[in-house]
Undergrad: 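Take a look at this one; I'll ask things after.
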There are 2 protein chains.
Amino acid sequence: MITQQWVQSLSNNGCRVTKPRCVILDIIARSERPLTPQEIHALAAAKSPGIGLVTVYRTIDKLEEMEMVERVHHTGQCQTIFRRAVGHKHLLICTQCGRSVHFEGLEFEKEFQLIAQKHGFCITSHWLQLSGLCADCQKGKNT
Amino acid sequence: MITQQWVQSLSNNGCRVTKPRCVILDIIARSERPLTPQEIHALAAAKSPGIGLVTVYRTIDKLEEMEMVERVHHTGQCQTIFRRAVGHKHLLICTQCGRSVHFEGLEFEKEFQLIAQKHGFCITSHWLQLSGLCADCQKGKNT
DNA sequence: GTGCTTGCAAATTCTTTGCAACTTT
DNA sequence: AAAGTTGCAAAGAATTTGCAAGCAC
């Protein structure tokens, strides 16, 4: 389970493993789709009343810093949070239900470099996200 | 000049061609890099004192609606505005000076579809941006 | 006990809305 | 003259900060 790995990492980095933090971690780790800070807060508060939105923001910052989550562009904003994949992967997002899947994209890397060279640029990072409808939403299951 | 085309389009769509609007249009059309609403406002106010930030927001909305500009992910946010390219192009951005260039990316489209199919998704759009250092910034010119 | 965390309240920052005055056509 | 626009002030929304109390180790 991802949650346990994250708790371990936190601990290894000298961070305290507190109740609110665990609840938030677990919600993000288990989510199949990117969540906004507000959504995370709502889910966290449901599980464990009293958790503040501020704690959610601070936990997200910490997780981002430790490269366990990343910001994703979804529903018009780029502040939704999704767990980060191991290795170099990109995201495939369902515009309707939000379900997201990581995919390998190594084939592209070389092409990106070539394109950049043509313009005199030296690439340091890239942002690639595909949006569409997942199998269920195509069938109208989540309507 | 892009500005003139835009003014023409506005006019054709029944929009009034006002002074503030022209100033804002011109700033965005000429910019080599994505600008935040605040930056646009600062530049606009410098050229023509009295222009309100609200007008900038409203003009951006209109331009976006008419597909003349797009939101770009830059410097940690995705609300910076950059002119939109004709046809299907992607963006190459300098993380240091912000200079941006559009490039063709048709070769990727088919691959995107294939990847999506493997996961049962049907792609409707994608978001691809390459970030790095432009030629000048690599040489330390803009430091 | 020490020092990291938490939650509250307040402060900021960014964006949107209501409205009367003002332009463009 | 009619209708779209503008800028101001105010309202909202989202995020950050200060701080005393509370936990984890």
Side-chain angles (χ1 to χ4, degrees), chain A residues 4 6-28 34-66 68-69 71-81, chain B residues 4 6-28 34-66 68-69 71-81:
Chain A
Q4 268 146 52
W6 284 4
V7 167
Q8 193 55 246
S9 301
L10 273 182
S11 190
N12 294 343
N13 280 50
C15 295
R16 303 275 154 88
V17 178
T18 65
K19 178 95 185 293
R21 219 167 240 182
C22 287
V23 172
I24 296 170
L25 245 66
D26 198 52
I27 287 168
I28 300 178
L35 301 169
T36 62
Q38 284 76 17
E39 287 174 320
I40 295 171
H41 178 234
L43 291 168
K47 268 196 190 177
S48 172
I51 289 186
L53 179 55
V54 185
T55 302
V56 172
Y57 276 110
R58 287 192 277 229
T59 304
I60 290 173
D61 286 349
K62 185 124 282 176
L63 290 177
E64 191 177 20
E65 196 179 287
M66 297 177 68
M68 299 195 269
V69 302
R71 313 251 170 193
V72 167
H73 185 87
H74 183 52
T75 64
Q77 54 172 348
C78 59
Q79 300 293 19
T80 54
I81 310 300
Chain B
Q4 268 146 51
W6 285 3
V7 168
Q8 192 55 247
S9 301
L10 273 181
S11 188
N12 294 344
N13 280 51
C15 295
R16 302 275 154 90
V17 178
T18 65
K19 179 95 184 294
R21 218 168 241 183
C22 288
V23 173
I24 296 170
L25 246 65
D26 197 51
I27 287 168
I28 301 178
L35 301 170
T36 61
Q38 284 76 17
E39 287 174 320
I40 295 171
H41 178 236
L43 292 167
K47 267 196 191 177
S48 173
I51 289 185
L53 178 55
V54 185
T55 303
V56 172
Y57 277 109
R58 287 192 276 228
T59 306
I60 290 174
D61 285 350
K62 185 126 280 177
L63 290 177
E64 191 177 19
E65 197 179 286
M66 297 177 69
M68 300 195 269
V69 301
R71 313 251 171 191
V72 167
H73 185 86
H74 184 50
T75 63
Q77 51 170 350
C78 59
Q79 300 293 19
T80 54
I81 310 301

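By convention in this document, chain letters (A, B, ...) are assigned in the order of the sequence lines, proteins followed by strands, and residues within each chain are numbered from 1.
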Undergrad: For B:H41 and B:I51, indicate whether the former's side chain and the latter's backbone hold a donor-acceptor pair under 3.5 Å.
TA: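 Side chain of B:H41 to backbone of B:I51: a pair is present.
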Undergrad: Return each pair, listed once, that meets salt bridge (Lys or Arg N to Asp or Glu O under 4.0 Å) where at least one residue sits in residues 55-66 of chain A; pairs must be two or more places apart or across chains.
TA: A:D61-A:R71, A:E64-A:R71
Undergrad: How many angstroms lie between CD in B:Q8 and CG in B:N13, if you round to the nearest 0.5 Å?
TA: 10.5 Å
Undergrad: Does A:C15 or B:R16 map to a spot on DNA chain C nearer the 5' end, using the closest nucleotide for each?
TA: A:C15
Undergrad: Could you state the CE-P distance from A:M66 to C:dC4, rounded to the nearest angstrom?
TA: 15 Å
Undergrad: Roughly, in whole Å, what's the span from CZ in B:R21 to P in C:dC22?
TA: 19 Å
Undergrad: A side-chain contact here means heavy atoms from C-beta on lying under 4.5 Å apart; do B:L63 and B:I81 qualify?
TA: no
Undergrad: Please say whether more than 12 non-hydrogen atoms of neighbouring residues, nucleotides or ligands are located less than 6.0 Å from NZ in B:K19.
TA: no
Undergrad: How far apart are the closest heavy atoms of A:I60 and A:V69, and which atoms are they?
TA: O-CG2, 4.3 Å
Undergrad: So do B:C22 and B:V17 actually touch side chain to side chain, heavy atoms under 4.5 Å?
TA: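 Yes, close enough: below the 4.5 Å cut-off.
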Undergrad: Kindly check if the number of other-residue, nucleotide or ligand heavy atoms within 6.0 Å of CD (B:Q38) is above 12?
TA: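 Buried by this count: over 12 neighbours within 6.0 Å.
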Undergrad: Could you list where the contact with chain A starts and ends along DNA chain D, reading 5' to 3', using a 4.0 Å heavy-atom cut-off?
TA: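 First-to-last contact on DNA chain D, by the 4.0 Å heavy-atom rule, is D:dA14 to D:dC25.
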Undergrad: What protein N or O atoms touch nucleotides 13-17 of chain C N or O atoms at under 3.5 angstrom, if any, and at what distances?
TA:
| residue | atom | partner | partner atom | Å |
| --- | --- | --- | --- | --- |
| C:dT15 | OP2 | B:Q38 | NE2 | 3.0 |
| C:dT15 | OP2 | B:Y57 | OH | 2.0 |
| C:dT15 | O5' | B:Y57 | OH | 2.9 |

